[in-house]
Each structure stands twice: as C-alpha cells, then as structure tokens.
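All remarks here apply to the structure that follows.
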Amino acid sequence: MLLKNCRVLYHGEEDIKDILVEKGKIIKIYRCSEVEELDIDEIVDMDGNWVLPGVIDVHTHMRDPGLSYKEDFETGSKACAKGGVTTFIDMPNTVPNTTTKEILDAKESNSKNRSYVDYGFHFGGSKLDNSEEIKKVRDRVASTKIFLNMSTGDMLVEEEKVLENLFKESKIISVHAEEEMVDKAIDLARKFRKPLYLCHLSKKSEVEKLRAAKKEGLKIYGEVAPHHLFLDSSMANSLLIMKPELKSKEDNDALWLGIEDGTIDTIGTDHAPHTLEEKNSKTTYGIPGVENSLEMMLKELNKKIDMKTLQKVMSENPAKIFGIAGKGKIEVGYDADLVVVDLNNKEIIKNEDVISKCGWTPYSGIVGGGKVLLTMVRGHIVYDGKNFIEKIGEGVNYKNV
Ligand code: DOR
Ligand code: ZN
Ligand code: ZN
C-alpha cells in the first residue's frame with residue numbers, strides 16, 4: 001500500500017512524503033515516481049493532510065471485564081479509533097482486579113478479536129502483596145500500577161512493606177500519586193532503582209517535584225491528562241469530578257510549561273467512563289477521554305505546543321517509556337500505525353457523536369482543533385472518518401525499559 005502526499009514531520013522538518021507500507025510496516029518514506037507506482041496494488045491519497053504517528057494512550061480504563069455496562073473492549077477501542085488512538089493500555093481496576101497471572105490470562109483471552117486498535121495491560125499491585133504474581137507476568141505487561149491514593153475501585157496500597165515488595169519485583173511502576181504521595185513514590189523508585197511513571201500530574205508543585213527528580217538523574221516520568229490542561233476547578237460540576245480533581249488555572253499553566261520544557265513526558269487521558277446516571281446520582285470519579293484527546297491537543301498546536309512536542313508526548317514517549325515495540329514513530333521499520341488529521345476542519349464536539357458506551361464527553365460544546373480523517377493500525381484502515389472497519393487489534397510486545 002502506498003500513502004501519497006502525506007504531510008509529515010520528517011527528521012524534524014515539515015515535508016510532503018509518500019509512505020510505502022508492506023505487511024503492516026513502514027518500509028519506505030520518499031517521493032515515489034509514477035513508474036514505481038504501477039507496481040503498487042493500493043494507493044491512498046492523503047491530499048497533503050497531516051499524517052501523525054498513531055496516538056498511544058497508556059492510561060485507559062476500559063472496564064472489561066466486570067464493569068462492561070460502562071465500556072467494553074469493543075466500544076472503548078472503537079472510541080480510540082475515532083480519536084486517532086492506535087494503541088491503548090488498560091488499567092487493572094476492572095472486576096476482578098488484574099492482580100494475578102490467571103486473571104491477566106483471562107483478560108487477554110477475553111480481548112482477542114474484539115479490539116479495533118492494538119492494546120496492552122497494566123498489572124495491578126495488590127495490598128495483599130502479589131509480588132510473586134508480578135514476577136510471573138512482568139514481561140507481558142506495561143507496568144505494575146499502584147494506587148497510592150484512594151480512587152475508583154478498591155486498590156489502595158498503604159503498608160510500607162507491601163509497597164517495597166511490589167516495587168522490588170516490578171519492571172516499571174506506574175502510580176496514582178497525588179501531592180505528598182508523589183514524594184513517597186519517588187523515594188521508593190530511588191531506593192529500589194526502578195523506573196517510575198507518575199500518572200496524571202495535576203499540580204504545579206507536583207511538576208516541580210518531577211523536575212527535581214529528573215535533575216537528580218532518576219528515571220522518573222510524568223503524564224498529564226488533557227482535562228487538567230483544558231478544564232479547571234472553576235468549571236467543576238457533577239460530571240467533571242475525577243481523581244485527581246480539576247485544579248486552578250495557575251496549575252494548568254504550570255502543566256503546559258512542563259510540557260514545553262520536557263519535564264512532562266506524556267499525555268494520557270485517564271479515560272474513565274461512567275454512565276450519566278452514575279455521575280448524576282452519586283459522587284463518581286472519572287471522565288472519558290480517548291475520543292477527544294488528539295483533537296483537543298491540536299487546538300493548541302503552534303500556540304502552547306509545537307508539532308514535534310505533540311508527537312513526542314502523544315506517541316513517541318509513551319512507546320519509549322514502556323518499551324512498546326515497533327510503535328510511536330513514523331520511521332522505516334516501525335508499524336504503520338498512523339492517524340490522518342484535517343487541521344482546517346474544526347468541528348464542535350458533541351455528546352451525540354460519542355462512541356464510548358458512557359455516551360457523553362466532558363468537552364461537549366468545545367470546538368476541536370482538527371478532524372481525524374483516517375486511523376490506520378499496522379497498515380489496516382480501522383476508521384475512515386465515518387465507518388469502523390476491522391477489529392484487527394492485537395496485544396503489543398514489550399522491550400526492556
Ligand atoms: O477519576 C478517576 N477515575 N481516577 C482514577 O484514578 C480512576 C478512574 C476510574 O477508574 O474511574
Ligand atoms: Zn488515577
Ligand atoms: Zn486512571
């Protein structure tokens with residue numbers, strides 16, 4: 001397959017290129033001649049639209065199994081395809097929690113042939129100390145996710161000895177840690193010399209802690225969720241409740257600065273769908289995200305974020321941090337995971353367009369920064385701007401981190 005007239009960032013420069021894809025991989029990035037084209041069976045013209053590496057969202061709660069009335073693998077992955085997300089990593093607070101090898105095995109087989117995009121799993125650290133289970137699965141998962149603060153699900157781990165064992169046996173640890181718990185997580189990572197991924201940082205003080213840890217030379221990474229960049233506490237209502245909660249405009253600004261100076265490594269949505277009924281009837285933490293993260297981030301393109309940084313935080317860095325093999329860049333040898341966006345088509349985000357089973361979006365009424373025209377996973381078009389085509393999603397592989 002040949003993708004013609006792709007506007008790409010190539011060696012750091014904006015350029016128009018043709019991308020040759022074979023067996024799901026990018027095999028050539030060039031300007032092909034008419035003669036060569038005769039041999040190619042399928043040609044798709046991108047008309048000079050931007051072609052970005054598919055978004056890798058390493059922070060999603062797909063609710064499957066156990067909570068599939070909120071979301072399931074099919075609907076969640078479909079929402080990803082619509083949003084330009086070509087790989088998602090699922091969190092362990094499903095029911096049962098992903099805290100044993102057996103449960104992970106079941107989750108993996110349950111996901112087969114049900115996803116439109118590629119996927120992986122975080123394993124869960126348990127307060128009952130499942131470090132023996134971690135040893136069995138650590139090469140098959142993105143990380144061990146540990147909740148250091150209370151949130152949706154009952155996965156809080158508080159006991160020092162248990163935390164130490166979980167850190168000791170993990171390849172890399174992701175944490176839900178807020179404020180002083182960020183210090184705690186960094187202390188444990190330093191002590192056990194482990195890479196640490198700080199999920200959804202939301203406060204200026206947390207970004208400062210991360211900046212200092214990086215200066216010290218520790219392998220500590222930080223994620224920001226789009227809602228902490230675009231929404232703030234003055235907007236909070238019964239729908240816009242999540243953990244960590246929305247913060248001040250000043251905090252949002254500090255997060256943007258963190259992205260600009262490289263302190264913040266990734267955008268992860270914390271896609272946490274709950275039904276409107278649940279949101280309206282009781283305090284329920286979490287909002288959906290995968291469908292709108294790219295179009296929201298594109299709103300600030302060439303303002304608060306440049307194209308290079310956007311691709312880094314949404315694709316390249318997530319793949320690098322978790323060692324997701326063959327993904328995250330438009331480069332020869334990489335998977336043909338691509339998203340095509342029309343930056344001139346700025347549409348109003350609407351609840352009625354939502355694909356996620358929860359049926360609503362925190363961004364309704366906001367004008368997006370561009371429209372996803374096409375999403376491709378390993379050379380397969382899974383979304384053509386209107387239709388969802390093929391459930392060809394597969395589990396990703398991991399390299400050393
Ligand atoms: O708001 C949140 N919702 N924060 C979390 O940490 C978990 C998530 C969920 O699973 O609903
Ligand atoms: Zn969290
Ligand atoms: Zn989360």
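This one's a predicted model, so the numbers in the text were calculated from it and none came from an experiment. Hydrogens, waters and symmetry mates play no part in the numbers below; they use all other heavy atoms, side chains included.
Residues passing the ring pair (Phe, Tyr, Trp, His ring centres under 6.0 Å) test with His200, sequence neighbours excluded: His59, His176. Thr283 is linked by a side chain to side chain contact (heavy atoms under 4.5 Å, CB included) to Ile241, Tyr285, counting only residues two or more places apart in sequence or in another chain.
Taking every heavy atom of both residues into account, Ala79 and Val290 meet most closely at CB-CG2, 3.8 Å.
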Query - Test log, rule salt bridge (Lys or Arg N to Asp or Glu O under 4.0 Å), inputs Arg140 and Glu108 - result: CA-CA 10 Å; Arg140 287 166 55 197; Glu108 273 184 353; 3.0 Å; yes
Report task. Could you walk me through whether Ser174 and Ser143 pass the side chain to side chain donor-acceptor pair (under 3.5 Å) test, one step at a time? Result -> CA-CA 6 Å; Ser174 301; Ser143 81; 2.7 Å; yes
**Report entry** Worked check of salt bridge (Lys or Arg N to Asp or Glu O under 4.0 Å) between Asp183 and Lys209
**Finding:** CA-CA 7 Å; Asp183 302 301; Lys209 293 174 206 276; 2.9 Å; yes
Query - Glu159/Lys127 under salt bridge (Lys or Arg N to Asp or Glu O under 4.0 Å): CA gap, chis, key distance, verdict - result: CA-CA 7 Å; Glu159 218 177 295; Lys127 61 184 153 219; over 6 Å; no
Report task. Let me see the working for Ser356 and Glu71 under side chain to side chain donor-acceptor pair (under 3.5 Å), right down to the final yes or no. Result -> CA-CA 7 Å; Ser356 167; Glu71 193 77 289; 2.8 Å; yes
Query - Audit row: Arg138, Glu169, salt bridge (Lys or Arg N to Asp or Glu O under 4.0 Å) steps and yes/no - result: CA-CA 8 Å; Arg138 62 189 166 204; Glu169 298 307 340; 3.3 Å; yes
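Distance alone, capped at 3.5 Å, is enough to place a donor-acceptor pair between the Asn93 side chain and the Thr152 backbone. Checking side-chain atoms of Lys357 against main-chain N and O of Ser68 turns up a donor-acceptor pair under 3.5 Å. With hydrogens and angles disregarded, no donor-acceptor distance shorter than 3.5 Å links the side chain of Asp337 to the backbone of Thr86.
A side-chain contact (heavy atoms from CB on, under 4.5 Å) with Pro362 holds for exactly one of Leu231, Ile349, Asn237; it is Leu231. Residue Lys4 is tested with Asp45, Asp47, Asp18 for a salt bridge (charged side-chain N to carboxylate O under 4.0 Å, His left out); the sole match is Asp18. Here the rule is salt bridge (charged side-chain N to carboxylate O under 4.0 Å, His left out) with Asp265, and of Lys320, Lys214, Lys312 only Lys214 fits it.
Pairs of residues two or more places apart, or lying in two chains, that qualify as salt bridge (charged side-chain N to carboxylate O under 4.0 Å, His left out) and include a residue from residues 283-299 are Lys82-Glu291. A ring pair (Phe, Tyr, Trp, His ring centres under 6.0 Å) check over residues 76-99, counting only residues at least two apart or in different chains, returns the pairs Phe73-Phe88. Within the structure, salt bridge (charged side-chain N to carboxylate O under 4.0 Å, His left out) contacts touching residues 271-286 (residues at least two apart or in different chains) are Lys70-Glu278.
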Which donor-acceptor pairs under 3.5 Å do side chains of residues 385-396 form with protein atoms, sequence neighbours excluded?
from, atom 1, to, atom 2, distance (Å)
Asn387, ND2, Asp384, OD2, 3.2
Glu390, OE1, His380, ND1, 3.3
Lys391, NZ, Glu74, OE2, 3.3

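Between Asn252 and Leu229 the shortest side-chain heavy-atom distance does not fall below 4.5 Å. Side-chain contact between Asn280 and His274 is absent, with no heavy atoms from C-beta onward closer than 4.5 Å. Between Lys107 and Thr94, the closest side-chain pair of non-hydrogen atoms falls below 4.5 Å. The closest side-chain heavy-atom distance from Ile321 to Thr266 is below 4.5 Å. At least one side-chain heavy atom of Asp118 sits less than 4.5 Å from a side-chain heavy atom of Lys327. Residues Arg7 and Met46 have side chains not in contact (no heavy-atom distance under 4.5 Å, counting atoms from C-beta outward). At a threshold of 4.5 Å between non-hydrogen side-chain atoms, the residues Leu2 and Cys32 count as touching. By the 4.5 Å heavy-atom criterion applied to side chains, Asp270 and Met91 are not counted as neighbours.
Between Lys135 and Glu132 a salt bridge is recorded (basic side-chain N to carboxylate O distance below 4.0 Å). Salt bridge present: Glu164 and Lys191 bring a charged side-chain N and a carboxylate O closer than 4.0 Å.
The cationic atom of Lys194 (NZ for Lys, CZ for Arg) does not lie both less than 6.0 Å from the six-membered ring centre of Phe192 and within 45° of the ring axis.
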